[in-house]
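Computed from a prediction, not measured in an experiment: that's the story for all the values here.
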Protein chains: 2
Amino acid sequence: MSKCEQCIVRQFNSLKALTKDELVRISSCKTSKIIKKGEVIFEEGETLNGIYCVKDGVCKLSKLSANGKDQIVKLVIKGDLLGQRSLIGNESANLSATALKDMEVCFIPKSEIINDLQNNSNFSMDVLQKMAHDLKESDNVIVNMAQKTVKQRLAEVLIYIYQHFGADTNDMLNVVLSREEYANIVGTATESAIRILSQFKKEGLISTSGKQIKIEDIKGLKKVV
Amino acid sequence: MSKCEQCIVRQFNSLKALTKDELVRISSCKTSKIIKKGEVIFEEGETLNGIYCVKDGVCKLSKLSANGKDQIVKLVIKGDLLGQRSLIGNESANLSATALKDMEVCFIPKSEIINDLQNNSNFSMDVLQKMAHDLKESDNVIVNMAQKTVKQRLAEVLIYIYQHFGADTNDMLNVVLSREEYANIVGTATESAIRILSQFKKEGLISTSGKQIKIEDIKGLKKVV
DNA sequence: ATAGTAATATGATATTTATCATATTTGCTT
DNA sequence: AAGCAAATATGATAAATATCATATTACTAT
């Protein structure tokens, strides 16, 4: 099994603040897992006994709302950690995590992490900074949700995915979401999301081939926002 | 000037995790401030050189959106800390803080707090827990913004204020917001907020006297949500 | 107390978004 | 390759919300 001390992925998250010794110890008790596209990593309300470090793939974090829709709150990329908040707050998971592509994740038991959090201030400060940043992002999402139109929000999501997850050689977005998932990110009806994407197509901002979306005019999209 | 070691307010925030010695040191370098209703404590983009501990009063945290509206993201009550996130993230303030009532706040310089954050793991763990909790709340707000109607969100805000800030002997809500501020919390036009409040009045859920709002039927309001 | 200003209220209408219905296309299974 | 289910697409309409206009009421400063 791969070793945390040699894993590049940790450079992208707070685990980089751990000492070599701490990493070796964690490495010896972590477990690796392959998660297929569409599979659930953990579900809302579930008690997590540790955190997940995403080695590869992408997943969505979502929450079921009262009207039965599954609001997507965040997309998680390679390098991110999952479940720190539940672990720190000592609460059950507030969100469900579902793979959008095949994933490889490492599970680190709670006890190991909590210990380091209390004893290694570099680590805890890094986690604090990450959380401060996430809170800022959340506030910005709230403002967007409250003040922007569905069309603007959808354009922003396309730009966000393009910039954070990139596109393949054909310029197709690397993360492939269903129209329903797009709707569940921006908080609208699936038909509305479809309609607006169709409109973007007519305006030459994007083109599609099946579920795949290609960004044709990023500047134009930015003008929508 | 009052002393932090003897201040009850700190029981409600992370400062409770500080040791007696740390409190004495902070007490000696903190400054107290009276802020009148309507005054700004700090503004979006401003660099904060410390954090504020709210001893009395209420303030709103808001962010100017592209369309010129001032989205209110959070209401802050006695006992809360302001500005930890900017301090931890080492960034300028993402939100503006404006007093909704006369306030008394204590300002604690950055250097003092950062030091304790790094050296007192009880303190940093408490801040971490607070932030984990705030993130959870933020996610819930995002889901509500995305999935609920304006009417539902407005009913929720009334319930929230009733439950968190209470009412006076006449059952009038303790926190008095303008209709525009209500609109800026739920993310709607001022007229829409006014209209819905009028509707709530007709339905006997609330009554008003000027800007003051009285909750007449909390159960009925909860049914709206 | 009164004028002037800001906030609240409400009507009329336009725009945005949701819902329901029904094609059409895509991807999958055999 | 055919058949089937799910996803996408689009029209028609309803509902929610925004915008503009204009009263009315409350508050403030003299």
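Taking only side-chain atoms of B:T149, from C-beta outward, the nucleotide of C:dA18, C:dT10, D:dT17 with the closest atom is D:dT17. Across D:dA12, C:dT17, C:dT10, the shortest atom-to-atom separation from the side chain of B:S198 is found for C:dT10. Among the nucleotides D:dT17, D:dA9, D:dT10, the one closest to the side chain of A:T208 is D:dA9. The side chain of B:T188 approaches D:dT17 more closely than any other nucleotide in the set D:dT17, D:dA9, C:dT19.
In this structure, B:L154 atom CG and D:dA16 atom C1' are separated by 14 Å, rounded to whole Å. Between the CG atom of A:N67 and the P atom of C:dT17 there is a distance of 17 Å, rounded to whole Å. Rounded to an integer number of Å, the gap from CZ of A:R195 to C1' of C:dA23 is 13 Å. Rounded to a whole Å, the CG atom of A:L197 is 11 Å from the C1' atom of D:dA9. If you measure from atom NZ of A:K37 to atom C1' of C:dG27, you get 11 Å, rounded to the nearest angstrom. Rounded to whole Å, the distance from CD on B:Q199 to P on C:dA9 is 13 Å. Atom CD1 in B:I213 sits about 14 Å away from atom C1' in C:dA9, given to the nearest Å. If you measure from atom CG of A:N184 to atom P of D:dT8, you get 12 Å, rounded to the nearest angstrom.
The 5' end of DNA chain D is approached more closely, in terms of each residue's nearest nucleotide, by A:K202 than by the other of A:K202 and A:A146. Comparing B:I196 and B:E191 by the nucleotide of DNA chain D that holds the closest heavy atom to each, the one mapping nearer the 5' end is B:I196. Toward the 5' end of DNA chain C, the nearer of the two residues A:A189 and A:S209, judged by each one's closest nucleotide, is A:A189.
No donor-acceptor contact under 3.5 angstrom links the side chains of B:K69 and B:N184, judged on distance only. Remark: the A:S2 side chain and the A:K55 side chain contain an N/O donor-acceptor pair separated by less than 3.5 Å. For the 3.5 Å distance criterion, the side chains of B:S65 and B:Q71 fail to qualify, holding no donor opposite an acceptor. Side-chain contact annotation: B:K201 with B:T208, donor-acceptor N/O pair under 3.5 Å present. Residues A:N140 and B:K63 bring a donor and an acceptor atom of their side chains to less than 3.5 Å of each other.
Using a 4.0 Å cut-off between charged nitrogen and carboxylate oxygen, B:D134 and B:K130 count as a salt-bridge pair.
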List, with names and distances, any nitrogen or oxygen atoms from the protein found under 3.5 Å away from nitrogen or oxygen atoms belonging to nucleotides 6-8 of chain C.
from  : atom 1 : to     : atom 2 : distance (Å)
C:dT8 : OP2    : B:R179 : N      : 3.2

Stepwise side-chain contact (heavy atoms from CB on, under 4.5 Å) check, A:Y182 with A:T188:
CA-CA 9 Å; A:Y182 276 107; A:T188 190; over 6 Å; no

